[in-house]
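Below: one structure, written as structure tokens.
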2 protein chains.
Amino acid sequence: MNIGEIARRAGVSRSTVSYALSGKRPVSEDTRRKIQQVVDELGYQPSASARALANGRTSTIGLVFPPAGNHYTGMQLDFIGSVVEAAAAYDYDVLLSPSGMDSDRSFQRLLGERRVDGAILMEIRLEDDRADHLAALGFPSVAIGRTAHPEDGWYVGLDHTALAAACVHHLADLGHRRVAFVNRPEQLLRTGYESAHRGLDGFTKAAAERGLTVRTYCCGDDAAAGQACVERILHDDPATTALVTLNEAALGGLYRGLAHAGRHVPRDFSITGIVANRWAETVTPQLTAADVPAAEMGRLAVDLLVERLDNSDAPPRQHLLIPPISLRASTGPAGSPQT
Amino acid sequence: MNIGEIARRAGVSRSTVSYALSGKRPVSEDTRRKIQQVVDELGYQPSASARALANGRTSTIGLVFPPAGNHYTGMQLDFIGSVVEAAAAYDYDVLLSPSGMDSDRSFQRLLGERRVDGAILMEIRLEDDRADHLAALGFPSVAIGRTAHPEDGWYVGLDHTALAAACVHHLADLGHRRVAFVNRPEQLLRTGYESAHRGLDGFTKAAAERGLTVRTYCCGDDAAAGQACVERILHDDPATTALVTLNEAALGGLYRGLAHAGRHVPRDFSITGIVANRWAETVTPQLTAADVPAAEMGRLAVDLLVERLDNSDAPPRQHLLIPPISLRASTGPAGSPQT
DNA sequence: TAGCTTCGCCGAACCGGTTCGACACAGTCG
DNA sequence: CGACTGTGTCGAACCGGTTCGGCGAAGCTA
């Protein structure tokens with residue numbers, strides 16, 4: 001069931017079969033039909049390994065995301081799904097590689113063993129050794145997220161700074177004066193996780209601009225941590241009337257914490273943030289939030305990567321998205337401050 | 001940077017380099033050191049394609065899951081994550097293939113082009129042409145889920161029948177007499193989706209056994225559908241006091257629907273089901289449910305597949321899991337029936 | 001010192017494709 | 001009728017590894 005077998009049965013040479021199938025050189029109509037018939041009869045499909053070896057391309061892209069442990073969030077799922085789907089449309093397969101760092105064995109395999117033609121990096125950090133490494137190698141890659149010096153790279157990112165600022169302005173416009181920020185876990189912040197940093201940054205600056213009193217918190221990626229975080233917020237400053245979060249996994253816990261504290265959303269307390277809309281619509285009342293267009297971002301990342309693969313010296317391209325805030329039901333005017 | 005280059009620099013033949021690195025034949029300590037030194041110097045890693053071609057194994061396993069459109073659920077994410085991680089531990093990469101059917105191009109590529117050594121199938125249907133096809137080919141694969149005739153196959157599954165029955169018994173023990181079942185979308189039921197069928201089956205039988213009055217519903221995989229579904233349930237039979245669901249994506253909507261209808265959980269209404277614990281803990285009150293051990297299932301599937309790959313004529317093995325119901329806060333004794 | 005084993009290495013073939021140069025044959029033109 | 005172009009096919013080399021058979025040198029026995 002290899003190309004030699006086909007050639008023999010069709011009474012031609014191996015190269016003729018190859019050309020007949022690829023169309024890279026003309027082949028007479030008669031032989032082409034004969035070959036096609038044999039191929040159909042035997043259900044022949046050329047071996048991906050052999051083809052990859054011969055023409056130096058695997059038709060596979062790597063999707064690099066950090067290993068579990070830190071739970072996966074819904075956003076990541078949407079990225080994965082849309083990347084796989086978009087890649088399939090270009091006839092690329094997707095190889096998953098769980099690695100947080102440059103030095104990961106999994107990452108080394110992807111590159112060193114040339115298993116993939118290009119890579120998409122998720123969960124970007126401001127200083128990201130994976131991205132730096134790939135850039136230094138000139139290896140075709142696209143980041144989902146922006147590093148600290150993004151100008152020269154290929155990426156599709158979310159403007160977390162602007163988005164967090166928009167959330168602050170939304171709350172300030174509603175009259176809120178004391179606002180908390182619920183970030184991702186501290187460990188992510190320490191390692192320089194992009195969205196956590198830029199989100200915090202945008203929040204802090206916008207809050208200063210509007211003269212708000214703020215407190216910022218890190219919060220584990222689960223409901224229990226969210227609930228605990230709200231307790232801390234209300235303990236630290238009971239007069240807090242709103243919060244901004246980009247921690248979707250904690251969202252349910254934040255709501256529960258507010259409910260336990262007797263704060264009604266949105267009457268007594270407003271909550272907003274940056275969250276995949278799947279989650280925003282799951283909670284009650286539904287979350288007013290900047291919806292992360294994860295599916296679109298995954299698709300764009302693949303588009304960019306394919307463009308880069310097709311044209312290896314194309315200049316870097318980027319997509320920086322700023323989705324609007326979807327007004328739902330979790331924010332309202334600030335009432336009279338409580339004690 | 002290929003093996004010939006290494007050989008030249010080390011002053012030996014290509015085969016010697018190969019043997020030095022693989023250890024499949026003894027090599028003198030001196031030459032081995034010399035080779036290792038050159039390898040380290042140049043950071044040489046053998047090409048995966050070439051190696052795959054030569055020894056007929058790709059060191060890659062395929063993870064086959066249905067294309068998006070139907071939103072991904074949290075469970076699927078956990079499967080993917082744990083499969084990737086477990087595979088990495090065995091030095092296997094994971095190739096994602098979005099295909100619902102046997103005839104998918106993506107599925108054909110995986111098999112026909114021999115991109116993977118084995119496959120793990122998610123989202124199994126009772127009559128699953130993918131599973132049948134693989135079985136007929138003798139292609140090493142493990143299903144996450146059970147087909148209608150599972151005896152002869154490799155799988156790791158959840159006993160949805162027993163689990164749904166356990167939920168019913170739990171509710172019946174609490175005195176509930178009128179109970180609804182909220183299934184996955186109708187389209188999945190029609191295509192023979194395993195968990196939807198077996199769950200429904202277990203629910204129906206157990207309810208009959210306990211003499212309960214039941215209604216069963218299909219519900220879209222999102223919060224809005226969940227909310228609408230609760231409205232329908234309470235409209236069809238306002239005396240309903242409990243529901244069982246295995247639709248995690250609708251869960252938030254179910255809660256919202258109940259809240260809008262003025263039913264307090266668990267005082268007026270009990271809710272339970274089969275759900276990944278990440279979701280069970282997100283809602284308020286936290287869901288009493290049979291927790292889907294998705295991460296464990298993914299790991300087990302990889303274990304099974306690797307075992308099958310290492311020993312191609314091993315007899316089929318299976319894992320059928322029946323996790324216990326985790327008592328949380330969403331169920332309680334039936335109160336006096338409402339009008 | 002001839003004869004035998006053992007050890008370490010080499011050359012060649014192979015995996016299954018792709019691609020380049022060449023060649024046979026037919027058709028056109030001078 | 002010979003030279004010229006163009007079409008269709010073939011053989012061989014190559015991609016980068018693995019693996020098998022064999023061979024030379026060293027070590028041992030007789």
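Please read these numbers as outputs of a predicted model, since none were measured by experiment. Quick note on labels: first sequence line is chain A, next is B, and so on, each numbered from 1.
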Send over the distance from [X] [atom1] to [N] [atom2], rounded to a whole Å.
| X | N | atom1 | atom2 | answer |
| --- | --- | --- | --- | --- |
| B/M1 | D/dC15 | CE | C1' | 14 Å |
| A/R32 | D/dT9 | CZ | C1' | 14 Å |
| A/K34 | D/dT9 | NZ | C1' | 17 Å |
| A/R33 | D/dG8 | CZ | P | 13 Å |
| B/R14 | D/dC14 | CZ | P | 12 Å |
| A/L21 | C/dG16 | CG | P | 16 Å |
| B/E113 | C/dG16 | CD | C1' | 13 Å |
| B/I6 | D/dT18 | CD1 | C1' | 16 Å |

Test: B/R105 and A/D91 ion pair at under 4.0 Å
yes
Tell me whether the OP1 or OP2 atom of [N] has a side-chain N or O from [X] closer than 4.0 Å.
| X | N | answer |
| --- | --- | --- |
| A/K24 | C/dT18 | no |
| B/T31 | C/dG8 | no |
| A/S47 | C/dG16 | no |

On DNA chain C, nearest-nucleotide positions of A/I3 versus B/P26: which is more 5'?
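Taking each residue's closest nucleotide, the earlier one in sequence belongs to B/P26.
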So, [X] and [Y]: side-chain donor and acceptor under 3.5 Å apart, yes or no?
| X | Y | value |
| --- | --- | --- |
| A/D40 | A/Q36 | yes |
| B/T58 | B/D117 | yes |
| A/S15 | A/S18 | no |
| A/E123 | A/Q76 | yes |

Any N/O donor-acceptor pair, [X] side-chain to [N] base, under 3.5 Å:
| X | N | answer |
| --- | --- | --- |
| A/R51 | C/dG16 | no |
| A/S15 | D/dG11 | yes |
| B/R25 | D/dG21 | yes |
| A/Y19 | C/dC20 | yes |

If you check the [X] side chain, which of [options] turns out closest?
| X | options | result |
| --- | --- | --- |
| A/L53 | D/dG11, C/dC9, D/dC15 | D/dC15 |
| B/T16 | D/dT9, C/dG16, C/dC9 | C/dC9 |
| A/N2 | C/dG17, D/dT19, D/dG16 | C/dG17 |

Would you classify A/S22 as touching base, sugar-phosphate or nothing, given that sugar-phosphate means primed atoms plus P, OP1 and OP2, and contacts are heavy atoms under 4.0 Å?
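No contact.
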Please evaluate residues A/D128 and A/T147 with respect to the criterion side chain to side chain donor-acceptor pair (under 3.5 Å), reporting the C-alpha separation (whole Å), side-chain torsions for both, the decisive distance (0.1 Å), and the verdict.
CA-CA 7 Å; A/D128 200 298; A/T147 63; over 6 Å; no
Residue whose nearest DNA chain D nucleotide is more 5′ - B/S18 or A/D30:
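On the 5' side of the pair lies A/D30.
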